[in-house]
Amino acid sequence: MKSRDTLIRLRRFQVDEKRRRVTQIEMMMADFQRMAMELDREVVHEEARAGITDIGHFAYPTYARAAATRRDNMRQSAIALEGQLAEAKAELGEAFEDLKKVEILDDRERSAERAAEAVREQAAMDGIGLARARARA
């Protein structure tokens with residue numbers, strides 16, 4: 001019984017860890033996208049301030065060029081995390097399936113134990129009833 005409980009606790013812990021990992025990756029992706037949007041606004045602002053939007057122009061603002069590079073890197077990082085997110089979600093699904101298998105097995109075993117206990121109790125009651133019936137006769 002204790003080993004089953006320990007196994008269930010372990011599986012739940014694993015599911016929680018996988019869920020935290022998925023959440024962490026999703027938060028990182030959201031942060032990268034938010035930072036990319038902020039950098040995009042900064043690039044537009046800097047281009048408007050300088051009056052030059054052509055990246056190839058010799059007087060294109062250095063800050064706008066650097067911000068655009070950082071923005072692109074943020075977007076690439078978010079894209080790279082999509083693969084990790086898919087993998088983490090798959091691992092979460094597997095961990096959840098493992099947990100459910102153990103919980104179903106535990107429920108079946110407990111049901112079998114309850115049924116066996118009910119049979120024992122019924123047999124004991126039947127024995128008491130028979131003993132009383134014989135005592136009256």
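By convention here, the first residue in the shown sequence is residue 1. Every heavy atom of this structure was used, including side-chain atoms; hydrogens, water molecules and symmetry mates were not. Treat the numbers as computed from the prediction; the structure is a model and nothing was measured.
The closest side-chain heavy-atom distance from V15 to R19 is below 4.5 Å. Within the 4.5 Å cutoff, no side-chain heavy atoms of Q14 are placed close to those of D98. Residues E47 and Y60 meet the side-chain proximity criterion, which asks for heavy atoms closer than 4.5 Å.
Salt bridge status for R34 with E38: present, with a side-chain N to carboxylate O gap under 4.0 Å. Contact check on R70 versus E42 returns no salt bridge, with no Lys/Arg side-chain nitrogen under 4.0 Å from an Asp/Glu carboxylate oxygen. A salt bridge links E103 to K100: one of the charged nitrogens lies within less than 4.0 Å of a carboxylate oxygen. Classification of R110 and E113 as a salt-bridged pair fails, no side-chain N sitting under 4.0 Å from a carboxylate O. Using a 4.0 Å cut-off between a side-chain N of Lys or Arg and a carboxylate O of Asp or Glu, R49 and E46 qualify as a salt bridge. Ion pairing between R9 and D5 fails under the 4.0 Å rule for side-chain N and carboxylate O.
Across R21, M27, E26, a single residue satisfies side chain to side chain contact (heavy atoms under 4.5 Å, CB included) together with Q24, and that is R21.
Separation of atoms CD1 (I104) and OG (S111) is listed at 11.5 Å; rounding is to 0.5 Å. For the atom pair CG (N73) and CZ (F32), the distance works out to 10.0 Å, reported to the nearest 0.5 Å. The distance from atom OG1 of T69 to atom CZ of R71, rounded to the nearest 0.5 Å, is 8.5 Å. Distance CG/L99 to CD1/I8: 7.5 Å, rounded to 0.5 Å. Here CG of D31 is found 12.0 Å from OG of S77. Values are rounded to the nearest 0.5 Å. Summarising the geometry, atom NZ belonging to K89 is positioned 15.0 Å from atom CZ belonging to F96; distances are rounded to the nearest 0.5 Å.
Note on F13: it does not cluster hydrophobically with L7, by side-chain heavy-atom contacts below 4.5 Å among ILVMFWY residues. M74 and I25 fall within the same hydrophobic cluster, defined by Ile, Leu, Val, Met, Phe, Trp and Tyr side-chain heavy atoms under 4.5 Å apart, directly or through other members. L39 and M37 are assigned to two separate hydrophobic clusters, defined by single-linkage of ILVMFWY side chains at heavy-atom distances under 4.5 Å. M35 is connected to L81 through a chain of hydrophobic side-chain contacts under 4.5 Å among Ile, Leu, Val, Met, Phe, Trp and Tyr, so both are in one cluster.
In this model, a donor atom of one side chain and an acceptor atom of the other lie less than 3.5 Å apart for Q122 and D126.
Under the salt bridge (Lys or Arg N to Asp or Glu O under 4.0 Å) criterion, R20 pairs with E17, not counting sequence neighbours. Taking R75 as the reference, D40 meet the salt bridge (Lys or Arg N to Asp or Glu O under 4.0 Å) condition, with sequence neighbours excluded. Legend: residues meeting salt bridge (Lys or Arg N to Asp or Glu O under 4.0 Å) with R108, ordered by chain and number and at least two apart, are absent.
Here the closest non-hydrogen pair linking A95 and K18 is CB-CG, 4.0 Å.
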For this session: Determine, stepwise, if the pair R65 / T62 fulfils side chain to side chain donor-acceptor pair (under 3.5 Å).
Result: CA-CA 5 Å; R65 187 181 317 271; T62 305; 5.9 Å; no

